[in-house]
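See below for the structure under consideration.
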Amino acid sequence: MRKFKHVVSLGPTCLPAMQAKRYFDRSVFQSGPFNYQITPLAALRHYFENDFNVMIDRRDLIVDEVVCNGKLDKIVCNTKLGTLHPHQYTRGIDADFENERSRHGYLCEKLRGILNGGDGIIFVTCADDPNLATSEISEILDAYDPDIVYKIVCLPKPSTTAGWNSRLAHWMRAFDEVTSSVAVDPLESVKSQFRRLAKHVRELRF
């Protein structure tokens with residue numbers, strides 16, 4: 001059985017990341033740039049086409065009234081990328097800009113390393129048309145690196161945010177199905193436990 005070492009969210013909303021985080025071990029589900037921002041498919045393509053060398057420019061950020069997750073709200077928008085950032089810049093764009101840009105750069109570099117690491121990856125996402133989105137994302141991934149070993153879990157995009165903070169049954173079933181057909185590397189989970197224990201020993205914290 002082929003082994004997959006990483007689970008990565010491709011957005012377009014927070015939902016796939018929130019559900020994957022409730023199912024997979026912390027050593028398997030990865031933090032990434034798409035976990036808590038809203039990323040249209042065109043923006044996702046831009047990230048891959050530029051090998052995740054995507055610099056956030058202050059001139060591209062504005063606060064605008066947009067429909068986000070079914071309701072009108074004031075959200076920080078990146079006018080160049082078309083991304084929305086409902087969970088960043090909580091103190092304001094100028095106050096949080098340097099920290100958010102640094103964090104974004106770190107997450108892009110981390111994901112680039114995962115993509116080029118040679119390990120199998122399960123990508124999780126949702127879309128209005130899952131079949132079409134899966135096809136388009138496969139095209140993006142294959143153009144980026146035809147040797148990437150991956151599987152895509154794409155579920156229908158919901159019309160409401162109800163239940164996002166809890167384990168949604170249809171997401172758990174989808175993850176059950178994918179993990180029954182592929183093997184998530186068990187050694188990585190064990191190594192993660194040792195890394196956490198070593199950190200606690202160093203910090204004298206249990």
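If you take CD on Glu65 and SG on Cys77, they are separated by 10.5 Å, rounding to the nearest 0.5 Å. Remark: Glu109 CD to Leu111 CG distance equals 11.0 Å, nearest 0.5 Å. Distance OH/Tyr89 to CD1/Ile75: 13.0 Å, rounded to 0.5 Å. To the nearest 0.5 Å, atoms NE2 (His87) and CG (Asn35) are separated by 10.5 Å. Between atom OH of residue Tyr36 and atom OG of residue Ser31 there is a gap of 9.0 Å, rounded to the nearest 0.5 Å. Atom CD1 of Ile56 sits about 7.0 Å away from atom SG of Cys108, to the nearest 0.5 Å.
Looking at heavy atoms from C-beta onward, Cys126 lies in side-chain contact with Pro12 at the 4.5 angstrom threshold. Annotation: side chain of Asp73 is not in contact with side chain of Pro86 (no heavy-atom distance under 4.5 Å). With a 4.5 Å cut-off on side-chain heavy atoms, Leu41 and Glu136 count as touching. Contact annotation: the side chain of Tyr23 never approaches that of Val7 to less than 4.5 Å [non-hydrogen atoms, C-beta and beyond]. By the 4.5 Å heavy-atom criterion applied to side chains, Tyr150 and Val8 are not counted as neighbours. Side-chain contact between Phe4 and Val149 is present, with at least one heavy-atom pair separated by less than 4.5 Å. Using a 4.5 Å cut-off on side-chain heavy atoms (C-beta onward), His85 and Asn78 make contact. Here the side chains of Leu10 and Ile140 are not in contact, with every heavy-atom distance at 4.5 Å or above.
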message: Checking Cys154 against Ile137 for the side-chain contact (heavy atoms from CB on, under 4.5 Å) test, could you report, in this order, the C-alpha distance in whole Å, the side-chain angles of both residues, the deciding distance, and whether it holds?
response: CA-CA 10 Å; Cys154 184; Ile137 291 171; 5.6 Å; no
- request: Test side-chain contact (heavy atoms from CB on, under 4.5 Å) on Val178 and Lys151 and set out the steps.
  value: CA-CA 8 Å; Val178 73; Lys151 197 170 187 71; 3.3 Å; yes
message: side-chain contact (heavy atoms from CB on, under 4.5 Å), that's the test. Do Val54 and Leu81 meet it? Break it down for me.
response: CA-CA 9 Å; Val54 179; Leu81 296 175; 3.8 Å; yes
query: Taking it one step at a time, do Asn99 and Arg91 satisfy side-chain contact (heavy atoms from CB on, under 4.5 Å)?
result: CA-CA 11 Å; Asn99 285 339; Arg91 298 181 303 162; 4.1 Å; yes
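Heavy atoms only, all atoms of each residue included: Phe52 and Arg112 are closest at O-NH2, 3.2 Å. The shortest heavy-atom contact between Ile148 and Leu141 is CD1-O, 4.5 Å. Of all the heavy atoms in Thr179 and Phe24, the pair that sits closest is CG2-CE2, 3.7 Å. Nearest heavy atoms, Trp171 versus Thr125: CH2-O, 3.4 Å. Closest approach of Ser138 to Ile152, counting heavy atoms only: OG-CD1, 3.4 Å.
Salt-bridge check for Arg45 with Glu139: passed, with a basic side-chain N closer than 4.0 Å to an acidic carboxylate O. A salt bridge links Glu98 with Arg101: the distance from a Lys NZ or Arg NE/NH1/NH2 to an Asp or Glu carboxylate oxygen falls below 4.0 Å.
For residues 103-149, the pairs satisfying ring-ring contact (aromatic ring centres under 6.0 Å, His included) are Tyr47-His104, Phe48-Tyr144, with sequence neighbours left out.
Arg167 places a side-chain N or O within 3.5 Å of a backbone atom of Arg22 that can act as its donor or acceptor partner. Not a single donor-acceptor pair under 3.5 Å links the side chain of Ser135 to the backbone N or O of Leu132. A donor-acceptor pair under 3.5 Å links the side-chain atoms of Asp25 to the main chain of Ser27, judged by distance alone. Side-chain N or O atoms of Asp119 include none that pairs as donor or acceptor with a backbone N or O of Ile114 at under 3.5 Å. Of the possible polar contacts, none joining the Thr39 side chain to the Thr83 backbone as a donor-acceptor pair under 3.5 Å is found. Panel note: side chain Glu49, backbone Ala143; no donor-acceptor pair is recorded below 3.5 Å. Here the side chain of Arg173 pairs no donor or acceptor atom with the backbone of Asp176 at under 3.5 angstrom. Between the side chain of Thr13 and the backbone N or O of Ile38 there is no donor-acceptor pair closer than 3.5 Å. Side-chain N or O atoms of Gln19 include one that pairs as donor or acceptor with a backbone N or O of Trp164 at under 3.5 Å. Judged by distance alone, the side chain of Asp51 and the main-chain N or O of Asn53 form no donor-acceptor pair under 3.5 Å.
Ile62 and Ile93 fall into different hydrophobic clusters, where Ile, Leu, Val, Met, Phe, Trp and Tyr side chains are chained together by heavy-atom contacts under 4.5 Å. The cluster map of Ile, Leu, Val, Met, Phe, Trp and Tyr, joined by side-chain heavy atoms under 4.5 Å apart, puts Leu107 and Val28 in different clusters. One hydrophobic cluster, built from ILVMFWY side chains closer than 4.5 Å, cannot hold both Leu61 and Met55; they sit in different ones.
Among residues two or more places apart in sequence or in another chain, the ring-ring contact (aromatic ring centres under 6.0 Å, His included) test is passed with His46 by none.
In Arg58, the CZ atom is crowded: over 12 heavy atoms of neighbouring residues, nucleotides or ligands sit closer than 6.0 Å. Remark: Lys157 NZ is loosely packed, at most 12 non-hydrogen atoms of other residues, nucleotides or ligands lying under 6.0 Å away.
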